[in-house]
Amino acid sequence: MAGIHTWLTALWAPVVARRPALAARVLGGFAKAELGSMYTLRWAAAATGSMPRRAAYLEHAGDEARHAKLFHRRAEELAGPRAGLVADAEDLFATLGERRFLAFLEHAEGRGRREFEHYARAFRRAGDERTAALLRGIIHDENRHEQNARALLEAEPGAGRARRYVRVWEAWRAARRGGRAVAEVVYLLLMLVLYPLIAPLALWERRRRA
Amino acid sequence: MAVVLGVSALYHDAAAALVVDGQICAAIQEERLSRIKHDPSMPWRAIFACLEVARLKPGDLDQVVFYEKPFVKLERVLLSMLRRYPRSFRSFTQGLRAQLQGKVWVLDALADGLGLPRKRIEAVAHHESHAASAFYASSFERAAVLTVDGVGEWDTTVTWHGDDGLERCTSLAHPHSLGLYYAALTAFLGFEVNGGEYKMMGLAAHGEPRLVEPLRQMLKLEADGTFSLELDFFDLTGETELGFSPAMVTALGLPRPPGRAWDLAGSEDRRYADIAASAQHLLEEAMLGLARRAQADTGERSLCLAGGVALNAVANARIAQEAGFTEGVFVQPAAGDAGGALGAALIGAREAGDGRPVPLASAALGPHADPAEAQALAVELGLRVERLKGLEPVVERLARGHLVGWVRGPMEFGPRALGHRSLLSSPFDRGQRERINRAVKRREPFRPLAPSVLASDAGRWFEDAPNEMTPFMTTVCKMTDEAQHRLGAVSHVDGTARVQTVGDGDFADLLGAFADTSGVPVLLNTSLNGSGEPIVATAADAIAFFLAHPIEALVVEDLIITRSVQKSV
């Protein structure tokens with residue numbers, strides 16, 4: 001799954017890098033993702049029983065918050081003011097438990113780093129050195145986060161099992177996301193059918209008020 | 001004698017409050033614990049934190065009261081869509097999904113989540129929750145009560161008579177709403193709705209109210225104190241929020257793009273400041289009319305205010321000065337939807353036969369920060385930790401112009417930091433305000449910062465202080481000439497300040513110690529949070545804030561934390 005994602009990014013990044021409005025949307029998406037990661041890490045910091053790991057998660061969360069602001073600001077520079085930064089988040093620590101959470105962190109940071117590397121190359125080739133430099137700075141942090149997560153994970157027993165679990169779980173999560181997207185379309189179609197059917201009720205309400 | 005939990009959720013600013021044997025035990029906003037600003041989700045973290053403060057378990061709860069009636073709200077949402085048919089497709093799809101996904105099942109979700117029988121869960125009306133939160137927590141035995149917000153189920157504005165209970169007098173219904181009027185103008189000026197209203201209030205002082213007449217076409221004030229919105233100027237496509245329509249653009253000119261940097265020296269942004277000033281002026285007139293109506297309805301000499309619009313400190317000050325409530329005006333610190341949780345719990349307690357609580361003297365109703373956690377984390381992160389033996393090290397830093405995070409005692413309930421989760425600074429140099437706005441808060445340069453003052457000395461620096469509202473920063477006071485001259489960092493452009501008066505406790509001791517050094521018992525006090533973040537709650541939050549922001553020191557209970565190598569910031 002991660003391979004397909006990276007391959008698609010490699011194809012898509014050059015298209016994005018040449019269109020400032022599209023680039024702003026993609027960077028805005030990164031800002032949201034980083035903010036979501038910040039929440040996830042803050043919740044992990046609150047939940048872990050280990051003080052060194054709490055400190056590590058807090059530092060990592062601070063980096064994610066900074067990245068979110070940098071991406072958001074660059075998106076605004078490319079295509080004008082954007083709405084305030086808001087993001088959804090999952091409490092993955094509660095869902096996965098700490099060992100698997102660390103395995104997920106290692107996996108997600110690696111995936112993010114590979115994605116950013118494609119975009120950094122694409123922006124540099126497109127002549128947008130500022131965005132490329134921003135991405136390179138963030139890749140440096142992502143690399144460090146990946147290594148930190150790996151070190152914390154490998155200090156735990158059962159690291160390999162946790163990695164295998166997370167790979168399967170990630171695939172299942174991607175499938176569920178796909179299912180949710182299909183459900184969205186089905187819901188919209190249902191509403192398209194339902195909405196005309198409530199016209200008599202609307203007429204009745206209008207008469208009642210008149 | 002009952003243990004009652006109040007819950008507000010699923011719109012914005014979710015919260016929980018716990019009332020035990022009629023007394024307010026705990027009240028916490030979910031955003032503080034989830035770290036998501038204005039978090040609307042079911043406040044499980046806040047609920048369990050309230051129970052922990054009182055050392056109780058879910059099974060100990062006699063009753064759980066939700067702050068609004070879900071099916072009445074669903075009725076309003078559906079009827080509003082029908083009335084806008086066929087232009088309501090977007091709100092139909094989004095609104096129906098939001099209602100069906102959680103809002104209408106909220107009472108069942110509470111029963112399931114707490115493991116309680118469904119019969120122990122009930123709901124009360126939104127505006128009744130607001131009214132109860134203000135009246136029962138006040139020191140008044142009898143009062144007029146005015147609740148004003150965007151919208152509850154149907155009500156947007158209600159006057160009540162508070163005596164042995166709450167008797168409903170006059171009401172106005174959706175979509176005629178001062179909250180939605182202010183929200184539409186907030187959006188017009190490029191600020192976010194449900195969060196940017198303070199910005200518009202701060203901006204208003206920089207403008208002239210020369211556009212009041214065009215706004216009077218949009219918000220029509222009646223002689224009896226009521227009002228109506230001229231709906232052509234508002235966009236009714238949202239589920240509950242009015243945006244602005246092309247008619248408003250025709251009347252006021254182009255709206256301001258969100259996120260653009262402010263230049264109040266330029267004519268374009270001065271025009272937006274004038275719009276803010278005019279909108280604020282008209283809101284104050286409307287609130288004065290409603291307050292006078294509440295007095296006429298009840299004949300009372302004291303007033304309690306609640307609802308999101310009651311967080312407009314400038315309007316509250318005018319009501320206190322001009323509406324004729326000779327015994328005082330009270331606004332509880334979490335007047336917005338978060339406070340609905342407190343009101344719901346107090347209603348439940350009254351229904352269970354408990355009396356009124358001791359009047360609310362402090363908003364510090366949340367959990368403590370753990371200094372042991374702060375110490376361990378600071379050591380892990382290579383920060384310098386020292387134990388405070390007195391307040392001198394803090395005062396000395398403040399006197400040198402340092403910014404000091406101050407985390408002591410239980411966390412506050414409501415949007416204001418009142419000396420428990422505060423960022424403090426010397427109040428003298430205007431440059432401190434610029435520094436905080438730009439480097440720490442990263443927000444608009446026109447935003448004022450508030451002072452805290454020892455209550456015993458407040459009159460020398462702030463006119464009409466102390467009063468019932470000043471302990472909670474829910475009003476503004478005119479600064480005396482001396483204060484305007486000396487306290488540049490906390491003086492707003494119109495010579496007012498949203499002052500907090502402090503009577504006793506650690507924070508009063510710090511103000512006293514600062515006065516011993518500087519001769520002035522005043523500190524700049526702003527909330528301890530970064531841009532887009534909720535106010536810190538735990539020791540870990542405070543440390544995270546310290547790591548990410550250029551402040552010199554952080555006090556967590558009896559610890560002072562600094563950077564190992566003092567950086568120049």
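Numbers restart at 1 for each chain; the letters A, B, ... are given by sequence-line order, proteins then strands.
Between B/Glu373 and A/Arg54, some side-chain heavy-atom pair lies under the 4.5 Å cut-off. Residues A/Arg42 and B/Asp541 meet the side-chain proximity criterion, which asks for heavy atoms closer than 4.5 Å. Two residues are said to be in side-chain contact when any heavy atoms from C-beta on lie closer than 4.5 Å; A/Glu59 and B/Glu380 fail this criterion.
The local environment of CZ in A/Arg208 is crowded, with over 12 non-hydrogen atoms from other residues, nucleotides or ligands closer than 6.0 Å. The number of heavy-atom neighbours closer than 6.0 Å to CZ of A/Arg18, taken from other residues, nucleotides and ligands shown, is 12 or below. Around atom CH2 of A/Trp12, no more than 12 heavy atoms belonging to other residues, nucleotides or ligands sit under 6.0 Å away. For B/Arg443, the CZ atom counts as densely surrounded, since its 6.0 Å shell holds more than 12 non-hydrogen atoms of other residues, nucleotides or ligands. Heavy-atom neighbours of A/Arg113 CZ from other residues, nucleotides or ligands within 6.0 Å: above the threshold of 12. The 12-atom threshold is exceeded at CD of A/Glu129, counting heavy atoms of other residues, nucleotides or ligands nearer than 6.0 Å. Heavy-atom neighbours of B/Arg260 CZ from other residues, nucleotides or ligands within 6.0 Å: above the threshold of 12. Surrounding CZ of A/Arg161 are at most 12 heavy atoms belonging to other residues, nucleotides or ligands under 6.0 Å away.
A pairwise comparison of heavy atoms in A/Trp43 and B/Ile36 identifies CZ2-CD1, 3.8 Å as the closest pair.
Neither the backbone nor the side chain of A/Arg53 comes within contact range of chain B, judged by heavy atoms closer than 4.5 Å. For B/Ala548, no part sits under 4.5 Å from any heavy atom of chain A, backbone or side chain. Using a 4.5 Å cut-off between heavy atoms, A/Ala61 does not touch chain B at all. At a 4.5 Å heavy-atom cutoff, the contact between B/Leu547 and chain A is made by side-chain atoms alone. Within the 4.5 angstrom heavy-atom criterion, no atom of B/Thr538 approaches chain A.
In terms of non-hydrogen atom pairs under 4.5 Å with chain B, the most contact-rich of A/Arg209, A/Met38, A/Arg206 is A/Arg209. Counting heavy-atom pairs closer than 4.5 Å to chain A, the top residue among B/Arg45, B/Lys37, B/Glu192, B/Arg83 is B/Arg83. Options A/Leu188, A/Val86, A/Leu192, A/Asp91 differ in how many heavy-atom pairs under 4.5 Å they form with chain B, and the most are formed by A/Leu192. Ranked by heavy-atom pairs shorter than 4.5 Å toward chain B, the options A/Met51, A/Lys69, A/Glu76 are led by A/Met51.
To the nearest 0.5 Å, atoms CG (A/Leu190) and OG1 (B/Thr93) are separated by 12.0 Å. Note that CD1 of A/Ile198 and CZ of B/Phe89 are 10.0 Å apart. Values are rounded to the nearest 0.5 Å. If you take CG on B/Leu381 and CG on A/Leu58, they are separated by 7.0 Å, rounding to the nearest 0.5 Å. Put simply, CG on B/Asp39 and OH on A/Tyr39 are 8.5 Å apart, with the number rounded to the nearest 0.5 Å.
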Legend entry - Test side chain to side chain contact (heavy atoms under 4.5 Å, CB included) applied to B/Met81 and A/Glu205, step by step: CA-CA 10 Å; B/Met81 288 170 192; A/Glu205 170 62 10; over 6 Å; no
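In this pair, A/Tyr195 and B/Tyr85 present their aromatic rings tilted. The plane angle is within the 30 to 60° band.
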